[in-house]
Enquirer: 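Attaching a single structure in structure tokens format; questions to follow.
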Amino acid sequence: MPNRFSWSWGQDGGPGAAVLGDITGRRVADLGAGAARHAAHLAVHHRPAHVVAVDASPAQHAMSSDLYGHLASRLRLVHCDVTRHLHAATGTYDVLYSVFGAVEFTEPRELLPAAASALRPGGRLAFSTLAHHLGGAPAHPAVQHTEIGVRTPDGEVAGMRRWVLQEQVWAKLLDEAGFTRISTQTLPGGTGPRAADALLVTAFRTDRSAA
Ligand SMILES: C[S@@+](CC[C@H](N)C(=O)[O-])C[C@H]1O[C@@H](n2cnc3c(N)ncnc32)[C@H](O)[C@@H]1O
């Protein structure tokens, strides 16, 4: 389990869990949690009501169960597609976050409205995502995915979609999905062939009752 929560591509510094606000007693979910390392860190080092770590991959879910199943009172490990989970959780969460997770691997015009509906009014979404493609090609200036090749656990090459978008594209998508107070910052990724800058995005569900 990491000692520190990091949003950067290299997991080596930058802002930490403070980006989520004070999560004491809050209902939190990690969207595309992988092995649930970040979620376990929050469950152990902070005092949320609970953290729900959602991932669609059977292999990642099995790994998170092996590593962190013993934290079940504070950490719930859910094997499910994130958009499906969010649609079934209207108004449930105070905080949603994603670290290079489902937000960049899922059609954002479906995931972001589902995230807004799963948050209570005023609830917070924070996510880190690639600021440019791995290898250096720029992020897309419109809502467009990139096909990437990945190797499955049994060695086959499969295609996946990744949304690598410029910050103003994310901001427009979030605005259209019902978020406000949208802010972005770039986290430098250092040097080296696999280094990548990250975009850290935070937004809040519109509080319609106050409008
Ligand atoms: C690059 S990994 C990041 C995992 C984790 N956030 C971390 O930082 O270690 C992306 C994860 O998102 C999950 N994922 C992508 N799209 C998803 C979706 N629509 N629903 C659930 N999980 C998804 C994948 O299964 C994968 O485990």
Side-chain angles (χ1 to χ4, degrees), residues 1-17 19-20 28-45 51-68 71 75-89 93 95-118 125-135 143 145-154 156 158-165 170 173 177 187 189 194-201:
M1 182 190 313
N3 287 329
R4 199 177 167 279
F5 190 108
S6 179
W7 299 92
S8 71
W9 179 249
Q11 292 292 288
D12 53 3
V19 170
L20 301 172
V28 180
D30 184 328
L31 311 179
R37 295 173 308 123
H38 297 92
H41 170 91
L42 294 179
V44 169
H45 294 286
V51 185
V52 180
V54 187
D55 204 284
S57 155
Q60 297 283 9
H61 179 69
M63 197 184 306
S64 66
S65 302
D66 283 350
L67 290 172
Y68 304 120
L71 299 176
L75 175 63
R76 297 184 193 159
L77 305 170
V78 174
H79 181 209
C80 187
D81 173 74
V82 152
T83 307
R84 228 176 99 212
H85 177 79
L86 294 170
H87 275 307
Y93 288 110
V95 177
L96 298 172
Y97 73 91
S98 181
V99 182
F100 302 104
V103 173
E104 69 180 77
F105 291 101
T106 310
E107 165 58 67
R109 288 162 291 202
E110 293 173 9
L111 185 143
L112 295 178
S117 73
L125 170 68
F127 61 93
S128 60
T129 181
L130 287 175
H132 54 77
H133 289 85
L134 295 174
V143 186
H145 66 264
T146 302
E147 290 286 346
I148 55 168
V150 290
R151 208 166 276 280
T152 64
D154 44 13
E156 285 182 21
M160 272 185 78
R161 292 175 167 193
R162 185 172 218 161
W163 278 262
V164 182
L165 308 177
W170 283 116
L173 284 165
L187 307 179
R194 292 287 297 169
D197 294 343
L199 200 60
L200 174 58
V201 182

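Order of appearance sets the numbers: ligands from 1, and atoms from 1 within every ligand.
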Enquirer: Looking at every non-hydrogen atom in both residues, tell me the closest pair between Leu134 and Arg162 and how far apart they are.
Expert: CD1-NH1, 4.0 Å
Enquirer: Please state whether Gln11 comes within less than 4.0 angstrom of ligand 1, counting heavy atoms only.
Expert: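 No, Gln11 has no heavy atoms under 4.0 Å from ligand 1.
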Enquirer: Does the pair Phe100 and Leu130 meet the rule for a side chain to side chain contact (heavy atoms under 4.5 Å, CB included), with working shown?
Expert: CA-CA 7 Å; Phe100 302 104; Leu130 287 175; 4.3 Å; yes
Enquirer: Verify side chain to side chain contact (heavy atoms under 4.5 Å, CB included) between Leu20 and Leu42, making sure each step is shown before the conclusion.
Expert: CA-CA 10 Å; Leu20 301 172; Leu42 294 179; 3.7 Å; yes
Enquirer: Kindly indicate, with the supporting measurements, whether the criterion side chain to side chain contact (heavy atoms under 4.5 Å, CB included) is fulfilled by Val51 and Tyr97.
Expert: CA-CA 10 Å; Val51 185; Tyr97 73 91; 4.3 Å; yes
Enquirer: Where do Pro113 and Pro108 come nearest, in terms of heavy atoms and distance?
Expert: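 Reported closest heavy-atom pair: CD-O, 3.6 Å.
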Enquirer: At a 4.0 Å threshold, what atoms of ligand 1 neighbour a non-hydrogen atom of Arg37?
Expert: 9 (O)
Enquirer: Looking only at heavy atoms, is any part of Ala33 under 4.0 Å from ligand 1, and if so is it the side chain, the backbone, or both, or is it neither?
Expert: backbone
Enquirer: What is the nearest protein non-hydrogen atom to atom 4 (C) of ligand 1, stated with its residue, atom name and distance?
Expert: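 Of every protein heavy atom, Gly32 O, 3.5 Å lies nearest to atom 4 (C) of ligand 1.
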Enquirer: Under 6.0 Å between ring centres, would you say that holds for Trp7 and Phe127?
Expert: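 Judged by ring-centre distance (under 6.0 Å), Trp7 and Phe127 do not meet the cut-off.
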Enquirer: Who's the nearest protein heavy-atom neighbour of atom 21 (C) of ligand 1, and how far?
Expert: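 Checking every protein heavy atom, the shortest distance to atom 21 (C) of ligand 1 gives Ala56 N, 3.2 Å.
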Enquirer: Quickly, which of Val103, Leu125, Val52, Val28 forms a side chain to side chain contact (heavy atoms under 4.5 Å, CB included) with Leu96? Name it, please.
Expert: Leu125
Enquirer: Starting from atom 23 (C) of ligand 1, locate the nearest protein heavy atom and write down its residue, its atom name and how far away it is, to 0.1 Å.
Expert: Ala102 CB, 3.8 Å
Enquirer: At a 4.0 Å threshold, what atoms of ligand 1 neighbour a non-hydrogen atom of Ser57?
Expert: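 Selected atoms, number and element: 25 (O).
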Enquirer: Would Leu200 and Val19 count as a side chain to side chain contact (heavy atoms under 4.5 Å, CB included) here? Give the steps.
Expert: CA-CA 9 Å; Leu200 174 58; Val19 170; 4.0 Å; yes
Enquirer: Below 4.0 angstrom from a heavy atom of Gln60, which ligand 1 atoms are there? Numbered from 1 as shown, please.
Expert: 27 (O)
Enquirer: Quick one: look at Thr106 and ligand 1, take heavy-atom pairs under 4.0 Å, and tell me if it's side chain, backbone, both or neither.
Expert: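 Contact part for Thr106 vs ligand 1: side chain (C-beta onward).
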Enquirer: Check if Asp55 has a non-hydrogen atom at a distance under 4.0 Å from any atom of ligand 1.
Expert: yes
Enquirer: Assess the residue pair Glu156 and Arg151 against the criterion (salt bridge (Lys or Arg N to Asp or Glu O under 4.0 Å)); give the C-alpha distance rounded to whole Å, side-chain angles, the decisive distance to 0.1 Å, and a yes or no.
Expert: CA-CA 5 Å; Glu156 285 182 21; Arg151 208 166 276 280; over 6 Å; no
Enquirer: Identify, by atom number and element, the atoms of ligand 1 in contact range of Gly34, meaning under 4.0 Å from any of its heavy atoms.
Expert: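 In order of numbering, the contacting atoms are 4 (C), 5 (C), 27 (O).
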Enquirer: Do ligand 1 and Asp81 have nitrogen or oxygen atoms that lie under 3.5 Å from each other?
Expert: yes
Enquirer: Kindly say whether Gly13 contributes a backbone atom to a donor-acceptor pair with the side chain of Ser6 at under 3.5 angstrom?
Expert: yes
Enquirer: Any heavy atom of Cys80 sitting closer than 4.0 Å to ligand 1?
Expert: yes
Enquirer: Out of Phe105, Phe100, Trp9, Tyr97, whose heavy atom is nearest to atom 3 (C) of ligand 1?
Expert: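 Going through Phe105, Phe100, Trp9, Tyr97 one by one, Phe100 has the nearest heavy atom to atom 3 (C) of ligand 1.
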Enquirer: Report the nearest protein non-hydrogen atom to atom 20 (N) of ligand 1: residue, atom name, distance rounded to 0.1 Å.
Expert: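 It is Val82 N, 2.9 Å.
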